[in-house]
Amino acid sequence: MSVDERVNVLMVTMAFQGHINPMLKLAKHLISKGVHVTIATTEDGRYRMLNTANTNPNNSDVNSQIKLAFFSDGLTPEFDRSDGESLVNTIREKGPKNLSTLITDLTQVHNYSCVIVNPFVPWAIDVIAEHGIPCALLWIQASSVYSIYYRFFKNIDQFPNLEDPNEIVRLPGLPPFEVRDVPTLILPSTPFYFREFTRELYNALDKVKWVLGTSFYEIEEEVVDSLASITPFYPIGPVVSPFLLGEKEESDVSVDMWSVEDSCMEWLDNKPPSSVIYVSFGSMLVTSQTQMDNIATAMRNSNKSFLWVLKPGSNKDNVAEFSNGFSEETKERVLVVKWCPQEKVLMHSSVAGFISHCGWNSTLEAVVAGVPLIAWPSWTDQPTTAMLIENVFRNGVRLRCGEDGNASAEDIERCIRCVTEGPSAEEIKKRAREMKEAAWKTLQDGGTSSKNISQFISDLIAGKPDRA
Ligand code: UDP
């Protein structure tokens with residue numbers, strides 16, 4: 001069998017949209033630097049990718065640059081993976097052997113200089129160590145979230161009583177914030193298996209050679225500086241699709257979980273500049289009926305246009321029927337789609353703001369596109385990211401959510417006005433523009449992220465395994 005002599009990197013990730021997207025985007029970046037990439041993900045991804053236009057679901061080269069490979073998470077394709085406990089328990093039991101077999105097969109052909117994992121496959125780190133391949137972690141949330149977890153799980157800093165959402169947390173590099181804004185996975189109310197799954201990553205860090213972040217230094221300077229004295233951490237982002245940064249796409253692989261409704265781009269073309277609010281809660285959250293009703297009321301009462309993603313599996317699966325409930329006047333202003341090309345949408349000049357669940361990919365994409373955010377977080381890192389948006393980045397506002405996580409229609413309207421009208425909007429738009437500029441600069445020659453990624457690639461070249 002012939003052996004590939006280029007620098008080869010293997011990436012291991014679950015097939016969730018928010019997990020695979022940053023891996024794919026980093027892959028595209030590495031490819032542009034001459035690195036060859038294989039992405040290994042779970043079999044359920046193969047089935048979902050079957051429906052997307054640009055992806056070859058077979059275990060073969062998608063094009064000459066990215067190879068996809070699949071391993072089983074131990075569950076059948078039709079199993080409902082929103083049942084987190086079954087998923088976590090099964091993959092911890094079956095994942096290591098299945099991944100190990102795949103790595104054995106792949107290494108017959110490729111000589112991997114490194115395996116890059118994301119935080120949601122902590123069990124993979126031991127498997128990689130057993131194969132004697134150096135491991136890198138791609139941290140796919142804000143650097144601040146990495147710091148909070150690190151300080152918590154490694155017992156570096158004192159945390160207040162986490163049972164009380166009003167208690168104040170004081171940590172280096174961050175303004176004081178409330179317990180309600182910590183990543184929910186450390187809260188006592190989080191199921192034990194989830195907290196332990198997160199802890200597992202921090203216990204395995206001594207087997208990880210590089211920790212890379214998809215964020216960038218300039219937006220979380222103080223946190224990154226505060227980490228320097230306790231653990232190595234290198235932001236290499238913003239890890240987004242190259243076209244968002246004005247670059248040519250070297251590979252057209254995409255892994256959308258649902259068919260993209262491209263027609264929304266034409267709809268946006270026909271709207272005036274800065275007139276549309278884009279609404280999306282990412283790939284995992286299910287929009288509750290109350291949330292949906294309040295957004296619909298805010299849409300009716302507002303004079304803005306709205307592009308709203310209600311993904312399959314949302315409460316209102318029949319989007320057409322839902323839109324029929326709008327008056328003719330509202331229908332003119334509101335387009336509901338099941339899935340859209342989000343990065344292209346955010347880059348469109350008609351978009352004025354983004355009501356988001358604050359998933360890190362969505363947040364970063366909005367930062368790079370310079371779009372103000374209206375934060376409606378739910379769980380994991382989202383409340384922390386919402387706090388960053390409001391208090392650190394200052395490129396958006398946060399909705400006032402009640403104990404049930406819902407915001408009122410009036411508050412949604414208030415936030416829309418805040419990012420589109422008057423002095424508050426001017427201030428937010430200015431910050432959004434500054435962050436966009438910083439995002440572009442950091443990846444240019446001499447920029448912080450550019451230096452970090454070059455160093456990583458130099459390490460890979462220096463450590464390129466010799467062929468026996
Ligand atoms: N996304 C998309 N089309 C949509 C909605 C979302 O392509 O209609 C993409 C979005 O660009 C982002 C990812 O899905 O890259 C969502 O990741 P995020 O971390 O924001 O949230 P998650 O889905 O993990 O909760």
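Each residue takes its place number in the sequence, starting with 1. Note that ligands are numbered from 1 as they come in the structure, with each ligand's atoms numbered from 1 the same way. For the numbers below, each heavy atom of this structure counts, side chains included, while hydrogens, waters and symmetry mates do not.
Contacts with ligand 1 closer than 4.0 Å are made by side-chain heavy atoms of Val309 only, the backbone lying farther away.
Every N/O-N/O distance between Glu343 and ligand 1 stays at or above 3.5 Å. Distances between N or O atoms of His357 and those of ligand 1 include at least one value under 3.5 Å.
Atoms of ligand 1 lying under 4.0 Å from at least one heavy atom of Ser280, given by number and element, are 5 (C). Short contacts between ligand 1 and Gly359, defined as distances under 4.0 Å to a heavy atom of the residue, involve ligand atoms 18 (P), 19 (O), 20 (O), 21 (O). Applying the 4.0 Å criterion to heavy atoms of Ser283 picks out, from ligand 1, the atoms 22 (P), 23 (O). Every atom of ligand 1 with a heavy atom of Gly18 under 4.0 Å away is listed here by number and element: 17 (O), 24 (O). Taking a cut-off of under 4.0 Å to the non-hydrogen atoms of Gly282, the atoms of ligand 1 that pass are 23 (O). Taking a cut-off of under 4.0 Å to the non-hydrogen atoms of Trp360, the atoms of ligand 1 that pass are 19 (O). Close approach of ligand 1 to Lys25 is summarised as follows: ligand atoms under 4.0 Å from at least one heavy atom of the residue are 15 (O).
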Going by atom type alone, with no hydrogens or angles, which donor-acceptor pairs under 3.5 Å involve a side-chain atom of residues 272-280 and a protein atom two or more places apart or on another chain?
| from | atom 1 | to | atom 2 | distance (Å) |
| --- | --- | --- | --- | --- |
| Ser275 | OG | Pro272 | O | 2.6 |
| Tyr278 | OH | Gln342 | OE1 | 2.8 |
| Ser280 | OG | Gly282 | N | 3.2 |

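Closest to atom 7 (O) of ligand 1 by heavy atom, among Pro341, Cys340, Ser378, is Cys340. Nearest-heavy-atom check against atom 13 (C) of ligand 1 across Leu364, Asp381, Asn21 picks out Asn21. Across the listed options Glu365, Gln382, Gln17, Lys311, Glu365 owns the non-hydrogen atom lying nearest to atom 15 (O) of ligand 1.
In summary, of the residues considered (Asp381, Thr384, Thr214, Thr380), a side chain to side chain donor-acceptor pair (under 3.5 Å) with Trp360 occurs for Thr214 alone.
The shortest distance between side-chain heavy atoms of Val121 and Trp123 falls below 4.5 Å. With contacts defined as side-chain heavy-atom distances shorter than 4.5 Å, the pair Leu285/Gln382 qualifies.
Aromatic pair Tyr234/Phe456: ring centres not closer than 6.0 Å. Checked against the 6.0 Å centroid threshold, Tyr150 and Trp139 do not count as a close aromatic pair.
Not a single heavy atom of Lys344 sits less than 4.0 Å from an atom of ligand 1.
Scanning the protein heavy atoms around atom 19 (O) of ligand 1, the nearest turns out to be Asn361 ND2, 2.8 Å. With respect to atom 20 (O) of ligand 1, the closest heavy atom belonging to the protein is Ser362 OG, 2.5 Å. The nearest heavy-atom contact from the protein to atom 1 (N) of ligand 1 is Trp339 CZ2, 3.3 Å.
Comment: Arg81 engages Asp44 in a salt bridge, judged by a side-chain N to carboxylate O separation of less than 4.0 angstrom.
Glu329 is linked by a salt bridge (charged side-chain N to carboxylate O under 4.0 Å, His left out) to Arg333, counting only residues two or more places apart in sequence or in another chain.
Ring-plane geometry between Phe281 and Trp376 is classed as perpendicular, the angle between the planes exceeding 60 degrees on a 0 to 90 degree scale with a lower cut at 30.
Residues Gln291 and Asn406 bring no donor and acceptor atom of their side chains to less than 3.5 Å of each other.
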